[in-house]
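This report concerns only the one structure given below.
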Amino acid sequence: MSFDLKKSMLSMDNLIFGIGQISEMTGVSTRQLRYWEKRGYIHPLTKEDGKARQYDFKTVIAVLSIKHYLDEGYTLQAAVSKVSQYTKQASLFHRFMRRQLKGISIVDGHDALDLGYFDGTKTKKLYGVINGSETYFKLLNPDEVQDIPLG
DNA sequence: CTTCTAACA
DNA sequence: TGTTAGAA
């Protein structure tokens, strides 16, 4: 099987954690984690009666995020709401990039995101150039840029 | 030793 | 929420 750039870049999933691990990583008690679950705020991968819960990495991020807002003084409900908004935006961004990111190239001597053909003529591609902290877009013919091998 | 559920502080 | 008991 070949190396999947998008998968490796846009999904740091596949890792599984136990409730104790998440508790240690986030500072949220196992009691709280089970309570948040009952409230419908987090969802274990598996939830068979009497058996240990398993969580994915996304849940770790969610718990850390909720914890962050709780520490800021938000109520649990408000914290979850905040995280939900962020999660939705991240999901949209993720969906877009997963579809549009074709690879990494060199444009103007800098790293650039290959965002694919800009129009239906399949002549020019849109590149997102990254020059240090500065970024800008550029339309170029694919043969005008140097592609960086992936994987 | 860790996690689960349920109940009490 | 913390803690605890007894079972798994």
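Since the model is a prediction, treat every value here as computed from it, not as a measurement. Here is how names work: the chains are called A, B, and so on, in the same order as the sequence lines, proteins then strands, and each is numbered from 1.
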Could you verify whether a donor N or O on one side chain and an acceptor N or O on the other, from N141(A) and E144(A), lie under 3.5 Å apart?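 Yes, side-chain donor-acceptor contact under 3.5 Å.
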
Rounded to the nearest 0.5 Å, what separation is found between the CD1 atom of I61(A) and the OH atom of Y86(A)?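 Rounded to the nearest 0.5 Å, the CD1-OH separation comes out at 8.5 Å.
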
Looking at D56(A) and K58(A), would you say the former's side chain and the latter's main chain have a donor-acceptor pair under 3.5 Å? yes

So does V28(A) get a backbone contact from the side chain of S23(A), meaning a donor-acceptor N/O pair under 3.5 Å? yes

S29(A) vs dG2(C): side-chain N/O to OP1/OP2 distance below 4.0 Å: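 Yes, such a contact exists.
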
Could you check whether atom CD of E72(A) has more than 12 heavy atoms from other residues, nucleotides or ligands sitting under 6.0 Å from it? yes

Mind listing the N/O atom pairs, protein and nucleotides 1-5 of chain B, below 3.5 Å?
unit_1	atom_1	unit_2	atom_2	d
dT3(B)	OP1	G20(A)	N	3.0
dC4(B)	OP1	R53(A)	N	2.7
dC4(B)	OP1	R53(A)	NH1	2.9
dC4(B)	OP2	R34(A)	NE	3.1
dC4(B)	OP2	R34(A)	NH2	2.4
dT5(B)	OP1	K47(A)	NZ	2.6
dT5(B)	OP2	R53(A)	NH1	3.0
dT5(B)	OP2	R53(A)	NH2	2.7

Testing K47(A), H43(A), R53(A) one by one against E37(A) for a side-chain hydrogen bond (donor to acceptor under 3.5 Å, both in side chains), which residue passes? R53(A)

Under 3.5 Å, which protein N or O atoms sit close to an N or O of nucleotides 7-9 of chain B? Give each pair with its distance.
none

Assess the residue pair L113(A) and M97(A) against the criterion (side chain to side chain contact (heavy atoms under 4.5 Å, CB included)); give the C-alpha distance rounded to whole Å, side-chain angles, the decisive distance to 0.1 Å, and a yes or no. CA-CA 10 Å; L113(A) 303 181; M97(A) 289 306 283; 4.0 Å; yes

Cluster question for you: counting only ILVMFWY and a side-chain heavy-atom cut-off of under 4.5 Å, with indirect links fine, are L15(A) and I22(A) together?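 Yes: a chain of side-chain contacts under 4.5 Å links L15(A) to I22(A).
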
